[in-house]
Novice: 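Take this structure, written in structure tokens, and hold onto it; I'll ask about it next.
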Amino acid sequence: MRQLLVAPIIFIVFSQIIVRIASPMTTSVSTNPSTLLPLELVDKCIGSRIHIIMKNDKEIVGTLQGFDDFVNMLLEDVTESEATPEGRRVTKLDQILLNGSNITMLVPGGEMPDT
Ligand SMILES: *[C@@H]1O[C@H](CO)[C@@H](O)[C@H](O)[C@H]1NC(C)=O
Ligand SMILES: *[C@@H]1O[C@H](CO)[C@@H](O)[C@H](O)[C@H]1NC(C)=O
């Protein structure tokens, strides 16, 4: 159920991204984003930096190595930023497997807003 709610949000985000990706090379990418599936759009982000905003106010930036049908993701060179009572806690990690169940938004090419 959670996946079903999240999927349209991801689609909206990525339909904007595909415009950004498509503009420099319009011949190889469809000009109509609605013909692409959300997971095909995530696939285009492999090897790139991606900014992930989680439901529990945690933000993660990393290089996308891979993902599955649930949008669980394998990330490298990760910076995790988490709200705590003492302020934001930033953690650096070499590699993580991120459970996709609490993702609310994916922003390709994004870095942490405050770094
Ligand atoms: C997802 O978020 C809920 C509440 O925000 C939390 O209880 C749960 O542990 C989280 N699940 C994962 C896999 O992070
Ligand atoms: C992600 O979290 C959900 C709910 O907590 C769990 O059912 C699922 O097995 C987890 N997936 C992975 C890849 O750990």
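Ligands are counted one by one from 1 in listed order, and the atoms in each one are counted from 1 as well.
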Novice: Do other residues, nucleotides or ligands put more than 12 heavy atoms under 6.0 Å from the CG atom of N56?
Specialist: yes

Novice: Have a look at N72, D68, N99 and point out the one with the heavy atom closest to atom 6 (C) of ligand 2.
Specialist: N99

Novice: Which heavy atom in D57 sits nearest to a heavy atom in R88, and how many Å separate them?
Specialist: O-NH2, 3.5 Å

Novice: Could you list which atoms of ligand 2 come closer than 4.0 Å to a heavy atom of S101?
Specialist: 2 (O)

Novice: Mind checking whether I103 and I96 sit in one hydrophobic cluster, side chains of I, L, V, M, F, W, Y counted as touching below 4.5 Å?
Specialist: yes

Novice: Does any donor atom in the side chain of H51 or E59 lie under 3.5 Å from an acceptor atom in the other side chain?
Specialist: yes

Novice: Does an N or O from K55, backbone or side chain, lie closer than 3.5 Å to an N or O of ligand 1?
Specialist: no

